[in-house]
2 protein chains.
Amino acid sequence: MKSTLPPPVVSRKAIIFKEAARLFREKGYSGSTLRELAGKAGVKGGSVYHHFSSKQEILFTIMEHTMSTLIMRVQEAIATETKPIDKLRKAIQFHIAYHTADSDETFVTDAELRSLDADNLTAIVGMRDHYERIFRQIMEEGVARGEMQIGNVRLASKALLQMCTGISSWYRPEGEKSISDIADYYIELFFRGISRTSAAEAGGRAVEL
Amino acid sequence: MKSTLPPPVVSRKAIIFKEAARLFREKGYSGSTLRELAGKAGVKGGSVYHHFSSKQEILFTIMEHTMSTLIMRVQEAIATETKPIDKLRKAIQFHIAYHTADSDETFVTDAELRSLDADNLTAIVGMRDHYERIFRQIMEEGVARGEMQIGNVRLASKALLQMCTGISSWYRPEGEKSISDIADYYIELFFRGISRTSAAEAGGRAVEL
DNA sequence: CGTAGAATCTAACAAGCGTTAGTTATATTC
DNA sequence: GAATATAACTAACGCTTGTTAGATTCTACG
């Protein structure tokens with residue numbers, strides 16, 4: 001019989017990663033100390049440097065992982081659809097789902113751009129632009145096909161992403177509304193607005209929460 | 001003839017206030033040092049304490065001033081209107097105008113809640129709730145009068161404020177679009193959505209930027 | 001068992017932090 | 001012009017910061 005325990009399911013590095021996201025979200029990057037982070041990860045201050053070369057690298061790792069996951073998975077999410085309006089629906093649903101599921105990481109990725117070194121900033125901003133471009137392209141295709149009326153795609157995509165990303169700043173899992181309910185309502189809101197006339201005449205299913 | 005110069009138009013305290021907003025926005029509250037702030041305000045480190053009792057008090061002063069101005073002036077802005085839909089239009093216009101005009105202060109007020117001491121936090125959160133309630137009440141009135149169709153006022157108001165507040169994170173005065181153009185487009189977006197059908201049939205003037 | 005490598009700890013470093021006290025300079029008032 | 005009040009400066013305090021080096025413990029494997 002083997003006497004040794006199996007390797008832990010989550011590596012210490014993964015624990016530090018997760019606790020860093022939580023702490024950076026709560027106190028900000030500059031407001032968080034390596035010693036407190038280490039403590040939450042069950043380790044003493046200096047030991048963190050066995051897994052990361054610097055505090056900055058921890059932040060960058062979080063952001064890079066978040067952005068590359070966002071880009072990869074939003075593309076998967078829209079790949080199954082052909083109509084731009086359905087692509088946009090799927091993209092919004094994924095965006096909101098990910099921003100609530102991994103809310104610590106996404107919040108930090110949105111809020112701590114200013115804490116990145118010059119090179120790291122360039123890399124992350126590039127990925128963020130890439131992600132935003134996916135949404136803009138769907139919208140442009142939707143306009144070209146006559147499915148959407150968007151006077152300014154750049155403004156509209158910024159408005160959309162900002163209102164959806166913001167969910168992660170107030171959403172708490174123990175709340176009464178499910179993530180998919182919230183997502184459905186945001187989609188309805190963005191597609192049809194709040195006007196009585198337009199909403200009443202629009203085609204799709206109505207969502208009442 | 002009087003030989004003394006007139007007192008400066010902007011007091012040093014006002015300069016420190018303004019530079020603090022700029023610096024806190026750029027580097028965050030924890031990431032900003034009193035010495036750097038003092039330097040930008042044309043003064044040595046210790047001199048700041050002649051105008052403020054602590055770094056924390058500077059932050060609180062910025063936030064309190066911003067929130068009370070927001071509350072006061074949004075009420076003035078909607079006071080001239082009677083229809084909820086016009087009130088909301090005016091409220092959004094003001095919100096965006098203020099968030100772009102004093103973008104340093106509003107950005108800090110939105111982003112640095114986590115850096116506030118317990119008591120200060122309670123005060124500011126209370127004011128923020130007050131401000132949000134103004135928007136919710138307009139929406140509820142709009143629904144009651146049949147002017148708006150909003151399934152969930154709380155969600156809709158959060159979405160609206162988040163997308164409008166977000167403008168201050170990318171808006172630069174030297175850009176090609178004017179603030180009022182952006183505001184008009186956001187209003188159109190929020191009122192009518194992006195769907196082809198609903199937008200085409202809605203009443204108001206169309207905005208093409 | 002014994003050894004190698006990974007993981008952690010301990011202890012210290014130089015630098016920078018917010019804040020304070022005491023002093024000097026500038027402006028106002030009688 | 002002396003007296004007073006305001007504003008700014010200097011220099012230091014105790015503490016914390018990110019980071020490093022070296023010693024120590026744990027784990028896997030022949």
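Below, read A as the first sequence line, B as the second, and so on, with proteins coming before strands; counting in each chain starts at 1. Just so it is clear, the values below take in all heavy atoms, side chains as well, and ignore hydrogens, waters and symmetry mates.
- In this structure, of dC17(C), dT10(D), dG18(D), it is dC17(C) that holds the atom nearest to the side chain of T33(B).
- For the pair L23(A) CG and dT17(D) C1', the interatomic distance rounds to 14 Å; values are reported in whole Å.
- Considering only side-chain N and O atoms, R12(B) lies nowhere under 4.0 angstrom from the phosphate OP1 or OP2 of dA7(D).
- Salt-bridge annotation for K27(B) and E36(B): present, with a side-chain N of the basic residue lying under 4.0 Å from a carboxylate O of the acidic one.
- Checked for salt-bridge contact, K158(A) and E132(A) meet the test: a charged N lies under 4.0 Å from a carboxylate O.
- Atoms NE2 (H50(A)) and P (dT24(D)) sit 17 Å apart, rounded to a whole Å.
- Between R35(A) atom CZ and dT8(C) atom P the separation is 17 Å, expressed in whole Å.
- Across the protein-nucleic acid pair, L34(A) atom CG and dA12(C) atom P stand 19 Å apart, rounded to whole Å.
- When the C1' atom of dT20(D) is taken as reference, atom NZ of K44(A) falls 18 Å away, rounded to whole Å.
- Atom C1' of nucleotide dT8(C) and atom CD1 of I15(A) are separated by 14 Å, given to the nearest angstrom.
- Distance L37(B) CG to dC17(C) P: 12 Å, rounded to the nearest Å.
- Atom CG of D119(B) has 12 or fewer heavy atoms from other residues, nucleotides or ligands within 6.0 Å.
- Rounded to whole Å, the distance from NZ on K13(A) to P on dA6(C) is 13 Å.
- Phosphate contact (OP1/OP2 of dA7(C), side-chain N/O of S47(A), threshold under 4.0 Å): absent.
- Within 4.0 Å of S32(A), counting heavy atoms only, lie sugar-phosphate atoms of the nucleic acid but no base atom.
- Under a 4.0 Å N-O distance rule, the pair R145(B)/E141(B) qualifies as a salt bridge.
- Taking a cutoff of 4.0 Å between a charged side-chain nitrogen and a carboxylate oxygen, E19(A) and R22(A) qualify as a salt bridge.
- Residue V43(B) places its side chain closer to dA8(D) than to any other of dA8(D), dG18(D), dT19(C).
- For H51(A), whose side chain is taken as the heavy atoms from C-beta onward, the closest listed nucleotide among dT19(C), dT6(D), dT8(C) is dT8(C).
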